[in-house]
Amino acid sequence: MNYKKYGLKKTYIIILLIFSLFSCNKSEKKKAVLKEPVVVAFGFKLNNFDVVHDTIHDGDTFGSILEKQNLGNLKVHEIVEKVKDTFDVRLMRIDKPYTLLRSKDKSKKILAFIYQPDRLSYYVIDFKDSIKVYKHIEPVTYRRRTIAGKLDGSLSESLVKKGVDGSFAVSISKVYAWSIDFFKLQKGDKFAVTFTERYINDSIYDGVDSLKCCFFEYKGKLIYAFPFSQEVNSNKTEFFDEQGKTLKNFFLKAPLKFVNITSHYSKNRFHPVQQVWKAHKGTDYAAPFGTPIMTTASGVVEQTGFTAGNGNFVKVKHNGTYSTQYLHMSKIIARRGQRVNQGDIIGKVGSTGLATGPHVCYRFWKNGVQVDALKLNLPNSEPMGGKNLPRFIEQMTPLKTELDRAAALEFKRK
């Protein structure tokens, strides 16, 4: 045997095999690179278009956007006229997204314009054959969820840690605005909440839809909240505890949301501006400049004005017994003689008058005498009628069971 020829032949075969494998891998990689993923949005296969995503900027109009595109023989005013019954182009707003679909050739002719006024809908103007316009509304589904936990930081932070939209804290605080002083909630206080969440196309999270029920631990006691309509065919819903007692008191706990008490009602306090000891017949709530100030109960605006000590102020007469006053405003919104409802904005936080920083001094009168609002046992709103109690208990019981079960499971794990 000629071992030399055999060796050369073997080497040649190995080289061919390596070259063949390399060529195959290169070919497969080339195919993988060329394989473009299919992208579908707004009912179009976007791979077929030159796609431009943008948002409405200050000064943009429907006309100014389209005039920069290749419209062919189309005129902007003709387009506006044809789509006006479905899409009023004057309603486009700054920062809202839009998409242009253009041809992929050199002409870049516009084929479609898509405008999204919100997360749930979009308008399409299709230029491909003739001008067509339509509005699409995305399907929304709702999912029910119950969570339980202990406060760790603010209510908003505690919700986020449970995978819930932090802005839901505002809705919850409104329910308890008459029964819980959120300034006095402590770390470790227990809570449980049942709610529904929205999902667009059954997949895109769109926030919390509605509160179904909840409880909060406040000063060692669990305060439940269950929605209930006292009139069977009415949409007016109020929140009650597990015994059917209303959570809505005649007065809000404070004229601001999520703020700090910096000075309490006192018969003898050292005034930070005048540098003397004197009575402080109100409660000071610190908040950023311009924070909305709410009237704590419904009534009629008795006085508005300015004094050297009080700065800009508003005084509200609620009935023959109670009046409240709000001092040091940067701006007065309410007017004298105006009827205001509980929670209405009557002014903005400021530091006018004798004040060292932005805050509202909240003063409270009972039978013409200034008193400490935080120490009053204030009246409740209309209680539940006795005929409604059985229906309420029937609706409330399974909700309470759901909350208690979730809390038991959560705190047992701890």
* Among residues two or more places apart or on two chains, list those pairs meeting ring pair (Phe, Tyr, Trp, His ring centres under 6.0 Å) that have a residue in residues 38-61. => Phe42-Tyr122, Phe44-Phe49

* Are Phe191 and Phe215 close enough that their ring centers fall under 6.0 Å? -> no

* Mark yes or no for whether Arg143, through its side chain, and Asp202, through its backbone, hold a donor-acceptor pair below 3.5 Å. => yes

* Structure fact -> Value for CD1 (Ile131) from NZ (Lys82), rounded to nearest 0.5 Å, stands at 4.5 Å

* **Pairing residues for Lys128 by the side chain to side chain donor-acceptor pair (under 3.5 Å) criterion, not counting sequence neighbours** => Asp126

* Decide if atom NZ of Lys253 counts as having more than 12 heavy atoms of other residues, nucleotides or ligands within a radius under 6.0 Å. => yes

* Asked: Under 3.5 Å, is there a donor-acceptor pair between the Ser203 and Asn201 side chains?
  -> no

* **NZ (Lys366) with more than 12 external heavy atoms under 6.0 Å** => no

* Is it true that the side chains of Tyr322 and Thr324 contain a donor and an acceptor less than 3.5 Å apart? -> no

* **Non-neighbouring partners of Gln342 that pass side chain to side chain donor-acceptor pair (under 3.5 Å), sequence neighbours left out** => Trp178

* **side chain to side chain donor-acceptor pair (under 3.5 Å) partners of Asn319, counting only residues at least two apart** => none

* Assert yes or no for the condition that the ring centre distance of Phe228 to Phe226 is strictly below 6.0 Å. => no

* Structure fact -> When rounded to the nearest 0.5 Å, the distance separating OG1 of Thr246 from CD of Gln230 is 8.0 Å

* Asked: Heavy-atom distance under 4.5 Å between the side chains of Lys162 and Arg145, does that happen here?
  -> no

* Mind listing the closest non-hydrogen atom pair of Phe364 and Leu376 along with its distance? => CE2-CD1, 3.3 Å

* Heavy-atom neighbours of Arg339 CZ exceed 12 at 6.0 Å -> yes

* Structure fact -> In short, salt bridge (charged side-chain N to carboxylate O under 4.0 Å, His left out) pairs touching residues 42-59 with sequence neighbours left out are Asp50-Arg102

* Would you say the side chain of Tyr142 lies within less than 4.5 Å of the side chain of Arg198, judging by non-hydrogen atoms? -> yes

* **salt bridge (charged side-chain N to carboxylate O under 4.0 Å, His left out) partners for Arg144, two or more places apart** => Glu402

* Residues two or more places apart in sequence or in another chain: which of them pass salt bridge (charged side-chain N to carboxylate O under 4.0 Å, His left out) with Glu81? -> Lys84

* In sequence, state the C-alpha distance, the side-chain angles, and the governing distance for Tyr224 and Leu399, and then conclude on side chain to side chain contact (heavy atoms under 4.5 Å, CB included). => CA-CA 10 Å; Tyr224 287 85; Leu399 295 174; over 6 Å; no

* Provide the closest heavy-atom pair for Lys96 versus Pro117 in the form atom of the first, atom of the second, distance. => NZ-O, 3.1 Å

* Asked: What pair of heavy atoms forms the shortest contact from Pro37 to Asn47, and how long is it?
  -> O-ND2, 2.6 Å

* To do: Would you indicate whether the side-chain heavy atoms of Tyr285 and Ile293 approach each other to under 4.5 Å?
  => no

* Structure fact -> d(Arg93 CZ, Asp118 CG) to nearest 0.5 Å is 13.0 Å

* To do: Enter the distance from Leu71:CG to Ile110:CD1 here, rounded to the nearest 0.5 Å.
  => 6.0 Å

* Asked: Tell me, do Tyr326 and Phe313 make a side-chain contact under 4.5 Å, heavy atoms counted?
  -> no

* Asked: Given Ile204 and Arg119, is the side chain to side chain contact (heavy atoms under 4.5 Å, CB included) satisfied, shown in steps?
  -> CA-CA 10 Å; Ile204 303 171; Arg119 291 167 61 103; 3.4 Å; yes

* Asked: Between the side chain of His318 and the main-chain N/O of Ala297, is any donor-acceptor distance below 3.5 Å?
  -> yes

* May I ask you to check whether over 12 heavy atoms, not counting those of Lys104, lie within 6.0 Å of atom NZ? => yes

* Structure fact -> d(Ile65 CD1, Leu100 CG) to nearest 0.5 Å is 7.5 Å

* Asked: Do you know which two heavy atoms are closest between Gly282 and Cys361, and how far apart they sit?
  -> CA-SG, 4.1 Å

* Asked: So Asp372 and Thr283, side chain to side chain contact (heavy atoms under 4.5 Å, CB included) or not? Walk me through it.
  -> CA-CA 8 Å; Asp372 186 351; Thr283 305; 4.3 Å; yes

* Does the pair Asp152/Lys187 count as a salt bridge with the N-to-O cut at 4.0 Å? -> yes

* Please examine the side chains of Phe216 and Leu155, heavy atoms only from C-beta on, and report whether any two atoms are closer than 4.5 Å. => yes

* Check whether the ring centres of Tyr205 and Tyr199 lie less than 6.0 Å apart, and answer yes or no. => yes

* Asked: What is the distance from atom CG of Leu389 to atom NZ of Lys387, rounded to the nearest 0.5 Å?
  -> 13.0 Å

* Asked: Short question: side chain of Ser158, backbone of Leu151 - any donor-acceptor pair under 3.5 Å?
  -> no

* Can you name the residues that form a side chain to side chain donor-acceptor pair (under 3.5 Å) with Tyr134, not counting sequence neighbours? -> none

* Val140 side chain near Asp206 side chain, heavy-atom distance below 4.5 Å -> no

* Structure fact -> Those residues at least two apart in sequence (or on a different chain) that pass ring pair (Phe, Tyr, Trp, His ring centres under 6.0 Å) with Phe306 are none

* Could you tell me which residues satisfy salt bridge (charged side-chain N to carboxylate O under 4.0 Å, His left out) with Arg391, sequence neighbours excluded, listed by chain and number? => none

* Centroid-centroid under 6.0 Å between Tyr115 and Phe62 rings -> no

* Asked: Any side-chain heavy-atom pair from Ser323 and Arg363 closer than 4.5 angstrom?
  -> no

* **4.5 Å side-chain heavy-atom contact, Trp365 and Gln325** => yes

* Asked: Of the non-hydrogen atoms in Leu256 and Ala287, which two are nearest, and what is the gap between them?
  -> CD1-CB, 3.7 Å

For residues 344-354, run the donor-acceptor check on the side chains, cut-off 3.5 Å, and write out each pair with its distance to 0.1 Å, sequence neighbours left out.
{"residue": "Asp344", "atom": "OD2", "partner": "Asn341", "partner atom": "N", "Å": "2.7"}
{"residue": "Thr352", "atom": "OG1", "partner": "Asn312", "partner atom": "N", "Å": "3.0"}
{"residue": "Thr352", "atom": "OG1", "partner": "Met329", "partner atom": "O", "Å": "2.9"}

* To do: Would you confirm whether Thr194, through its side chain, and Lys212, through its main-chain N or O, come within 3.5 Å as a donor-acceptor pair?
  => no

* Structure fact -> Note: Ile393 and Thr397 closest approach over all heavy atoms is O-OG1, 2.6 Å

* Asked: Quick one: are the ring centres of Tyr218 and Tyr176 less than 6.0 Å apart?
  -> no

* Asked: Are the side chain of Asn70 and the backbone of Ser107 linked by a donor-acceptor contact shorter than 3.5 Å?
  -> yes

* Structure fact -> Sorted by chain and residue number, the salt bridge (charged side-chain N to carboxylate O under 4.0 Å, His left out) partners of Lys400 (sequence neighbours excluded) come out as Asp404

